[in-house]
S.K.: 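Have a look at this one.
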Amino acid sequence: ILGMFSIKESYNYLRRAEENSNDQIKGIIYQEMSKINLNEDYDLQLTYADKAINYNNSNAYFFSHKGHILYKLKNFEDTVKFYLKAIELN
């Protein structure tokens, strides 16, 4: 979805999909929403990464992606924790 539309359009499509989805799909939607870089709003990206983990806390990719966001924020201690959790789940 991210490559086909503008960032704002992608975000809006994902928000609409979120309203009509089951919990498993919501985890994937939140993961995609966390990838959208709205003015490098890493706090918003973290919010969606947390929501993705909340809906599926056994998905290694969700933990790895949150680690990547934390890395961008230079929060290296937590970055390592989330990368290690991703490795453990994988």
Side-chain angles (χ1 to χ4, degrees):
I1 234 176
L2 297 178
M4 298 172 27
F5 304 103
S6 72
I7 290 173
K8 187 174 182 179
E9 288 173 319
S10 297
Y11 181 79
N12 288 334
Y13 284 120
L14 288 168
R15 291 291 296 174
R16 281 187 272 180
E18 169 196 17
E19 295 171 3
N20 301 308
S21 300
N22 65 35
D23 287 351
Q24 184 175 7
I25 299 299
K26 282 185 182 181
I28 295 167
I29 290 170
Y30 289 134
Q31 174 66 13
E32 292 302 311
M33 290 172 85
S34 75
K35 292 179 186 176
I36 297 174
N37 194 351
L38 300 172
N39 299 319
E40 296 187 0
D41 187 345
Y42 297 122
D43 289 332
L44 182 60
Q45 290 180 23
L46 280 176
T47 297
Y48 287 119
D50 286 337
K51 285 184 176 189
I53 290 169
N54 186 49
Y55 278 101
N56 184 349
N57 64 3
S58 63
N59 187 315
Y61 182 72
F62 293 175
F63 283 89
S64 176
H65 182 67
K66 182 171 179 180
H68 181 70
I69 297 167
L70 291 166
Y71 178 81
K72 290 180 189 177
L73 290 168
K74 299 185 185 325
N75 183 341
F76 302 120
E77 186 175 325
D78 286 340
T79 296
V80 171
K81 289 178 188 175
F82 278 88
Y83 283 157
L84 289 174
K85 181 66 175 180
I87 291 168
E88 174 188 320
L89 291 172
N90 200 10

S.K.: Report whether Val80 and Phe62 are members of the same hydrophobic cluster (ILVMFWY, side-chain heavy atoms less than 4.5 Å apart, transitive linking).
M.R.: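 Different clusters.
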
S.K.: For residues Ile69 and Tyr61: do they belong to one hydrophobic cluster (side chain heavy atoms under 4.5 Å, members Ile, Leu, Val, Met, Phe, Trp, Tyr)?
M.R.: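 Linked within one cluster.
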
S.K.: Nearest 0.5 angstrom please: His65 NE2 to Tyr48 OH, how far?
M.R.: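 Reported to 0.5 Å precision, the distance equals 12.5 Å.
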
S.K.: Which distance, rounded to the nearest 0.5 Å, do you find between the CG of Asp50 and the CG of Asn57?
M.R.: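 Asp50 CG to Asn57 CG: 12.0 Å, rounded to 0.5 Å.
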
S.K.: Can you list the residues that meet the ring pair (Phe, Tyr, Trp, His ring centres under 6.0 Å) rule with Phe76, with sequence neighbours excluded?
M.R.: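 Expected list: Tyr71.
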
S.K.: Which distance, rounded to the nearest 0.5 Å, do you find between the CZ of Phe82 and the CD of Glu77?
M.R.: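 Between atom CZ of Phe82 and atom CD of Glu77 there are 11.5 Å.
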
S.K.: Going by the rule ring pair (Phe, Tyr, Trp, His ring centres under 6.0 Å), which residues pair with Tyr55 if we only count those two or more places apart in sequence or in a different chain?
M.R.: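 Once residues adjacent in sequence are excluded, the partners of Tyr55 under the ring pair (Phe, Tyr, Trp, His ring centres under 6.0 Å) criterion are Tyr30.
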
S.K.: Looking only at non-hydrogen atoms, find the nearest pair between Leu89 and Ala60 and report the distance.
M.R.: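 In this case the closest contact between Leu89 and Ala60 is CB-CB, 3.9 Å.
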
S.K.: Decide side chain to side chain contact (heavy atoms under 4.5 Å, CB included) for Asp43 and Thr47; before the verdict, give the C-alpha distance in whole Å, the side-chain angles of both, and the deciding distance to 0.1 Å.
M.R.: CA-CA 6 Å; Asp43 289 332; Thr47 297; 5.5 Å; no

S.K.: How long is the straight-line distance from CG of Asn90 back to CG of Asn59, given to the nearest 0.5 Å?
M.R.: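 These two atoms lie 9.5 Å from each other.
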
S.K.: Check side chain to side chain donor-acceptor pair (under 3.5 Å) between His68 and all other residues, then give those that pass, not counting sequence neighbours.
M.R.: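 Here no residue qualifies.
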
S.K.: How would you list, by chain and number, every residue that makes a side chain to side chain donor-acceptor pair (under 3.5 Å) with Asn56, sequence neighbours excluded?
M.R.: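 Checked Asn56 against side chain to side chain donor-acceptor pair (under 3.5 Å); matches are Ser58.
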
S.K.: Which residues pass the side-chain contact (heavy atoms from CB on, under 4.5 Å) test with Asp78, sequence neighbours left out?
M.R.: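 Applying side-chain contact (heavy atoms from CB on, under 4.5 Å) to Asp78 gives Leu70, Asn75, Lys81.
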
S.K.: Do Ile87 and Ile53 land in one hydrophobic cluster if side-chain heavy atoms of ILVMFWY residues count as linked below 4.5 Å?
M.R.: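 In one cluster with Ile87: Ile53, no.
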
S.K.: For Lys85, give me all partners under salt bridge (charged side-chain N to carboxylate O under 4.0 Å, His left out), at least two apart in sequence or on another chain.
M.R.: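 Lys85 satisfies salt bridge (charged side-chain N to carboxylate O under 4.0 Å, His left out) with Glu88 once adjacent residues are dropped.
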
S.K.: With rounding to the nearest 0.5 angstrom, report the NZ to CG distance, Lys51 to Leu46.
M.R.: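 So the NZ of Lys51 and the CG of Leu46 are separated by 13.0 Å.
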
